[in-house]
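Have a look at the structure below before the remarks.
Since we're looking at a predicted model, the values are computed, not measured. Order of appearance sets the numbers: ligands from 1, and atoms from 1 within every ligand. What you see below is based on every heavy atom in this structure, not just the backbone, and it leaves out hydrogens, waters and symmetry mates.
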Amino acid sequence: MALIVQKYGGTSVGDIARIRNVAQKVAAARARGDQVVVVVSAMSGETNRLIGLAQEISDQPDPREYDQIVATGEQVTIGLLALALQAIGVPARSFLGHQVPIRTDSAHSKARIAGIDGDAIRAGLDRGEVAVVAGFQGVDPRGDITTLGRGGSDTTGVALAAALGADECQIYTDVDGVYTTDPRVEPRARRLEQITFEEMLELASLGSKVLQIRAVEFAGKYRVPLRVLSTFDEGPGTLITLDQEAEGVESPLISGIAFNRDEAQVTLLGVPDRPGIAARVLGPVGAANIEVDMIVQNVGADATTDFTFTVHKNDYARALEIVGQICRDLGARDVKGDDNIAKVSIVGVGMRSHAGIASQTFEALAAENINIRMISTSEIKISVVIEEKYVELAVRSLHRAFKLDEQPPAG
Ligand code: ASP
Ligand code: MG
């Protein structure tokens, strides 16, 4: 008998028919002899609706009251799913965050889980019940309701799986796994049988929306076997593993390609080249709470430097303003900006043991006449900034160059 935590997202519980479908899936797992804990999100669109209501009254709602409001979506779905399970003869009991309890810090709207007491859930499982737990919410030391940030039900699922020592945490969603890239851009994209936590973490932070980043971090840290699979189709989904070799499959060079159209670039031209320039430029940007992604500095022959960095498009106007001021203060030549850029990244643990991935990447882009503006690398990732209009072409040519549409050799 295995203990499985299943998490169902908003689309999976979007209406009563779908909630009944989830109840059937839970019942099937239970019929196979497994104990099941289910975590659910609010019905799709509901959390946005609740946030909208709060914002109709205040554009900066009191954080405690905000959480009281936005946590209610999950209260409805746990009750409905428990009813749907009971209706098909499966004993079930729903739990709000504080009824588990899932203890968090007091950082409303982005709380972190501090600990989970699994006793009440275990007692229910021992009585033969399915536990249906509200995702996204917890309770702080004062007894106030907190929420974990958008998409936080993934984290609830993984944290519960860790606390209960579950055999697997299954994240049910509207796609049937993790893909080599977005199938809307490259129709030949392929579902991955497995991917490592490290790769998944890179892909999540590069903008793949399949899993919340914190859930992946949590699963890696507590070694929770994690699987992404579809609520609407049968299939094995994608297993997120600690180590690909351990699964007996030779790791492919590249596992996935991510892209992000949300960045903009700011360049400070002709800065006198002396120590402290990077700090002088990025200090005020950081102080304005603007997150900087890529940074490039090139020193010219005339002892001046061009300094370029990228920020989220939402912060572009502010960043330009701040750097404009710095330009005047430092006597630099000019400030330029461009928000028609995109970042394309290839990710794969195979890069560690293979040379030449970078040159293969650049050759593939050059063959399409795509100019690379910036490059950044980590041990398992290469990112390039290019003109936004070439994103799809770049993704498709890299997908082809690294043969991502072909099945990897089975081990
Ligand atoms: N309902 C919350 C949200 O929409 C949490 C979740 O779905 O994971 O962000
Ligand atoms: Mg989600």
Does the residue Gly152 have a heavy-atom contact with ligand 1, meaning some pair of atoms that are separated by less than 4.0 Å? yes
Applying a 4.0 Å heavy-atom criterion (strictly less than), which segment of Glu74 is in contact with ligand 1: side chain, backbone, both, or neither? side chain
Counting from 1 in the order shown, the ligand 1 atoms closer than 4.0 Å to a non-hydrogen atom of Ser41 are 6 (C), 7 (O), 8 (O)
Just which atoms of ligand 1 are under 4.0 Å from any heavy atom in Arg150? 3 (C), 4 (O), 9 (O)
At a 4.0 Å threshold, what atoms of ligand 1 neighbour a non-hydrogen atom of Thr47? 1 (N), 2 (C), 3 (C), 4 (O)
Pairwise salt bridge (charged side-chain N to carboxylate O under 4.0 Å, His left out) hits with a residue in residues 115-136, at least two apart: Asp119-Arg122, Arg127-Glu129
Heavy-atom check, side chain of Tyr8 versus side chain of Thr231, under 4.5 Å: yes
Looking only at side-chain N and O atoms, does Asp67 offer a donor or acceptor that is under 3.5 Å from a partner on Thr146? no
Any N/O of Ser153 closer than 3.5 Å to an N/O of ligand 1? yes
Within 4.0 Å of some non-hydrogen atom of Gly151, the atoms of ligand 1 are 3 (C), 5 (C), 6 (C), 8 (O), 9 (O)
Using a distance-only test with no angle check, is there a side-chain donor-acceptor pair under 3.5 angstrom linking Ser397 and Glu368? no
Under 3.5 Å, N or O to N or O, is Phe136 touching ligand 1 that way? no
Thr181 and Glu186 side chains, donor-acceptor separation under 3.5 Å: no
Among Arg227, Arg223, Lys7, which one satisfies salt bridge (charged side-chain N to carboxylate O under 4.0 Å, His left out) with Glu168? Arg227
